[in-house]
Amino acid sequence: MMPYPRHLRATSNPIRAVTRLARTVVWTALAVSIASGANAAPLTFTDSGALAADIQDTVDTFRATLGALNANLPGSRGSGRREVNWDGVPNQFASPNGFPPDFFNVNSPRGSVYSTPGSGFQVSANLASGEPLEFDNLEPGISADFTPFSPQRLFTAVGSTITDVHFFVPGTIAPAFVTGFGAVFTGVAVANTTFIQLFDRQDDLIASVYAPAAGAGSLSFAGFFDTNARIGRVRITSGEVPLGSRLPGDRVAMDDFIYAEPVPEPATLTLVGAAVAAVVARRRRH
């Protein structure tokens, strides 16, 4: 698993994080128990079309499968889902500026942190910023190939087609797993170039799901859900070449990420309980 960003390790209050986790231990334990006893078959979701309305029903079915949308607050709710649609990202973290990979665990706690073998990430500009839209700043004219699913912002890795999504108990550095993940893509014009790979906590591959190709300006969706899965990492491959690379090949941007509520491993729950007991004992001594 990737190491957590240093600045969060250094600035996090461990007592506050432990207390936050302790409040959700009961709910999380219940969710883990339910998940481990279920025998439902894995589900794969794919769709594509020219407009957002063409894939909306599949995206909504995936959302309903994961459960109710949870608020962007610290701690695991044990069930339901989290979403990232990029549109609330402030201009200071949008194009042409870089996007902090832990924004959706620190600034807006949703339990996902990103990494890439490239040079970083960008979220596209909006109209209010006055900057070029939909990554025209990286490659002039590329916006003609993209359509936002939830306007206006899109997301991309810079210098790579690979984005890794790592899961944590929202707002903390405690590793977590999810039971489902889906992503919306735009501009998928070549089959089998854009897909998600889901890995368990031991980094073994669980499944791969390919986003259907529908041409420039189109929208595609790929999602996976398995009640029994322990997904610790998702690798997203978006197209054949990075934006701005000047190389021939399919260029793809990303929009909404939708995933099950990040839940800590049972072993983490045990550690949390021990940590809470230690904190309580220390406070009593003082």
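The structure displayed is predicted, hence computed values, not measured ones.
- Tyr114 and Phe155 have tilted rings, their planes meeting at an angle from 30° to 60° on a 0 to 90° scale.
- The shortest side-chain heavy-atom distance between Thr46 and Val209 falls under the 4.5 Å cut-off.
- The CG atom of Asp145 sits 8.5 Å away from atom CD of Glu139, with the distance rounded to the nearest 0.5 Å.
- Atom CH2 of Trp86 is separated from atom OG1 of Thr156 by 10.0 Å, given to the nearest 0.5 angstrom.
- Between Phe257 and Val234 the shortest side-chain heavy-atom distance does not fall below 4.5 Å.
- Here the rule is ring-ring contact (aromatic ring centres under 6.0 Å, His included) with Phe195, and of Phe224, Phe185, Tyr210 only Tyr210 fits it.
- Put simply, CG on Leu127 and CD on Gln152 are 4.0 Å apart, with the number rounded to the nearest 0.5 Å.
- Side-chain atoms of Ser220 come within 3.5 Å of backbone atoms of Pro212 as a donor-acceptor pair (strictly under, hydrogens ignored).
- Connection of Met254 to Phe167 is established within a shared hydrophobic cluster, with ILVMFWY side chains joined at heavy-atom distances below 4.5 Å, either directly or through further cluster members.
- Inter-residue side-chain proximity for Pro262 and Pro170 is flagged as met; some heavy-atom pair is nearer than 4.5 Å.
- Under the 4.5 Å side-chain contact rule for hydrophobic residues, Ile55 and Phe146 do not share a cluster.
- Using cut-offs of 30° and 60° on the angle between ring planes, the pair Phe99 and Phe104 is tilted.
- Judged purely by atom type and a 3.5 angstrom limit, Ser76 has no side-chain atom pairing as donor or acceptor with the backbone of Val169.
- With no hydrogens or angles considered, a side-chain donor-acceptor pair links Asp47 and Thr58 at under 3.5 Å.
- For the pair Ser208 and Gln197, the minimum side-chain heavy-atom distance is below 4.5 Å.
- Checked by atom type and distance alone, the side chain of Asn137 never pairs as donor or acceptor with a backbone atom of Pro96 at under 3.5 Å.
- With 3.5 Å as the limit, one finds no donor-acceptor pair spanning the side chains of Asn91 and Ser129.
- Rounded to the nearest 0.5 Å, atoms CG (Leu73) and CZ (Arg82) are 7.0 Å apart.
- How far CZ of Phe177 is from CZ of Arg201: 9.0 Å, rounded to the nearest 0.5 Å.
- Linking ILVMFWY side-chain heavy atoms closer than 4.5 Å, directly or via other members, places Leu243 and Leu219 in two distinct hydrophobic clusters.
- One finds the CZ atom of Arg153 at 4.0 Å from the CG atom of Asn126 (value rounded to the nearest 0.5 Å).
- In the hydrophobic cluster analysis, where Ile, Leu, Val, Met, Phe, Trp and Tyr join through side-chain heavy atoms closer than 4.5 angstrom, Val123 is grouped together with Val84.
- Looking at Asn85, its side chain never comes within 3.5 Å of a backbone N or O of Ser150 through a donor-acceptor pair.
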Test side chain to side chain contact (heavy atoms under 4.5 Å, CB included) applied to Ile142 and Asp136, step by step: CA-CA 6 Å; Ile142 195 65; Asp136 275 348; 3.8 Å; yes

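- Counting only distance, with no hydrogens or angles, the side chain of Asp102 and the backbone of Val113 share no donor-acceptor pair below 3.5 Å.
- Nearest heavy-atom pair, Ile258 versus Leu66, reported as atom, atom and distance to 0.1 Å: CG2-CD1, 3.9 Å.
- Counting only N and O atoms by type, the side chains of Gln122 and Ser95 include a donor and acceptor under 3.5 Å apart.
- With hydrogens and angles disregarded, a donor-acceptor distance shorter than 3.5 Å links the side chain of Asp54 to the backbone of Leu51.
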Ring pair (Phe, Tyr, Trp, His ring centres under 6.0 Å) between Phe62 and Phe221, intermediate numbers included: CA-CA 10 Å; Phe62 183 72; Phe221 179 75; 5.4 Å; yes

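- Judged purely by atom type and a 3.5 angstrom limit, Thr194 uses its side chain to pair as donor or acceptor with the backbone of Gly239.
- Classification of Arg235 and Asp164 as a salt-bridged pair holds, one side-chain N sitting under 4.0 Å from a carboxylate O.
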